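Here the structure is laid out as structure tokens; the discussion comes afterwards.
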There are 2 protein chains.
Amino acid sequence: MQIMIDIDAEEPLFAQLMAEIKLAVSTGTISPGDSLPSIRQLANDLNLNNKTVAKAYQLLERDKIIATKGYRGTFVHPEAKENVDFDLNAWVSNQLDQTIQACRNQGATDSEIRIAFTNIMQNKIRGGH
Amino acid sequence: MQIMIDIDAEEPLFAQLMAEIKLAVSTGTISPGDSLPSIRQLANDLNLNNKTVAKAYQLLERDKIIATKGYRGTFVHPEAKENVDFDLNAWVSNQLDQTIQACRNQGATDSEIRIAFTNIMQNKIRGGH
DNA sequence: CTATGTACCATGTGAATAAGTGGTACATAG
DNA sequence: CTATGTACCACTTATTCACATGGTACATAG
């Protein structure tokens, strides 16, 4: 498995790494059960920070592309090949897009939508003021 | 109609003004067909900037609380009393809240939700990278 | 000429956020 | 002791945005 990270790309480093690993899974370069390099090892090889690799690994585990087994290391998830096709971010984008379009159709300003969104994300669903 | 604006309040000035006018409508202080002070006049009386008052007026017109008639001035909308009860911002908040909770339930990170939201608001529903 | 709403231009301020870096520490198990 | 993933802490950098301000200008119609 050879991974190239472009520091100058506008795509975040952790996202690039995620994409590369997903690609490796979908192309069969790595298969379910295969072991992956440790966070520290991969960070060292790619000249990345541990946290950056850890972030990518955490998200990949959430997406059931990989599975960490604590001190035993990290492995490709048994159902990785099925799960690489599901893009959570795309799903989220679709959900949000529908809602936003509905709000716009009701006449809401983008500014108002943004403010409402921010309030919700901060659990400040303020009513009066 | 007496309107008080609190410069030190955390509520934005234009929002305060909107709330005051809505209140005046719902309490009957002003009635459909009544004329409202001009933007410049009200800005002067309340010591606000023209743009701030104009913003409040524009949003109130969108919400069909008031109706501007060009050079003839601004008036309380015929159906103002019915429309003051509908809070577009609250409706937007509800829509967004439901969608966001659904995304969270799918495992999406708040950060991911924010990024997807930002991309959509910028019409950059990027697919690849 | 005056007043209406409206449309541009621009600026400043403050807050929130993403991304990444860095360090320390922990329990686990070989 | 070493290596695993993981959890905290704090910090910098850059971007985006809401809000408010200021000025200029326009067509409209009295």
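Below, read A as the first sequence line, B as the second, and so on, with proteins coming before strands; counting in each chain starts at 1. Any value given below was found using the heavy atoms of this structure, including those in side chains, with hydrogens, waters and symmetry copies removed. Quick caveat, the model's predicted, so the values are computed rather than measured.
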Query raised in the report: Would you say A:Thr52 reaches C:dG20's phosphate, i.e. side-chain N/O to OP1/OP2 under 4.0 Å?
Result: no
Report summary line: For B:Asp45, the side-chain hydrogen bond (donor to acceptor under 3.5 Å, both in side chains) test, sequence neighbours excluded, returns B:Gln41
Query raised in the report: What's the CG-P distance between A:Leu13 and D:dT13, to the nearest Å?
Result: 18 Å
Report task. Could you list the residues that satisfy side-chain hydrogen bond (donor to acceptor under 3.5 Å, both in side chains) with B:Gln101, not counting sequence neighbours? Result -> B:Asp97
Requested in this report: Summarise how protein sits on nucleotides 24-30 of chain D as a single string, 5' to 3': B when a protein heavy atom is under 4.0 Å from the base, S for sugar-phosphate-only contact, - for no contact.
Outcome: -B--BSS
Query raised in the report: Does any pair with a residue in residues 57-67 of chain A pass salt bridge (charged side-chain N to carboxylate O under 4.0 Å, His left out), and if so which ones, sequence neighbours excluded?
Result: A:Arg62-B:Glu112
**Report entry** Which residues share a salt bridge (Lys or Arg N to Asp or Glu O under 4.0 Å) with B:Arg104, sequence neighbours left out
**Finding:** B:Asp110
Query raised in the report: Starting at CG of A:Asn44 and ending at C1' of D:dA3, how long is that distance when rounded to a whole Å?
Result: 14 Å
Query - Side-chain N,O (B:Asn49) to OP1/OP2 (D:dG22) below 4.0 Å - result: yes
Requested in this report: Verify the distance criterion only: is there a donor paired with an acceptor across the side chains of B:Thr29 and B:Thr27 at less than 3.5 Å?
Outcome: yes
Query raised in the report: OP1, OP2 of C:dT4 versus side-chain N and O of B:Thr74: anything below 4.0 Å?
Result: no
**Report entry** Stems formed with participation of DNA chain C [Watson-Crick or G-U wobble, under 3.5 Å, three or more pairs]
**Finding:** C:1-30 with D:1-30
Report task. Round to a whole Å and report the spacing from CG of B:Leu42 to P of C:dA3. Result -> 16 Å
Requested in this report: Mind calculating the distance between CG (A:Asn50) and C1' (C:dG20) to the nearest angstrom?
Outcome: 12 Å
Requested in this report: Please state how far atom CG in B:Asp8 lies from atom P in D:dC19, giving the value in whole angstrom units.
Outcome: 17 Å
**Report entry** By ring pair (Phe, Tyr, Trp, His ring centres under 6.0 Å) - contacts of B:Phe117 (at least two apart)
**Finding:** A:Phe117
Query - B:Thr99: side-chain hydrogen bond (donor to acceptor under 3.5 Å, both in side chains) partners, not counting sequence neighbours - result: A:Thr99
Query raised in the report: Roughly how many Å is it from CG in A:Leu17 to C1' in C:dA19, rounded to a whole number?
Result: 15 Å
**Report entry** Contacting residues from residues 103-111 of chain B, given that a heavy atom lies under 4.0 angstrom of DNA chain D
**Finding:** none
Query - Contacts of B:Arg114 that satisfy salt bridge (Lys or Arg N to Asp or Glu O under 4.0 Å) - sequence neighbours left out - result: none
**Report entry** side-chain contact (heavy atoms from CB on, under 4.5 Å) involving B:Ser31 - partner list, sequence neighbours excluded
**Finding:** B:Asp34
Query - Nucleic acid contacts of residues 60-68 of chain B, taken as heavy-atom distances under 4.0 Å to DNA chain C - result: B:Glu61, B:Thr68
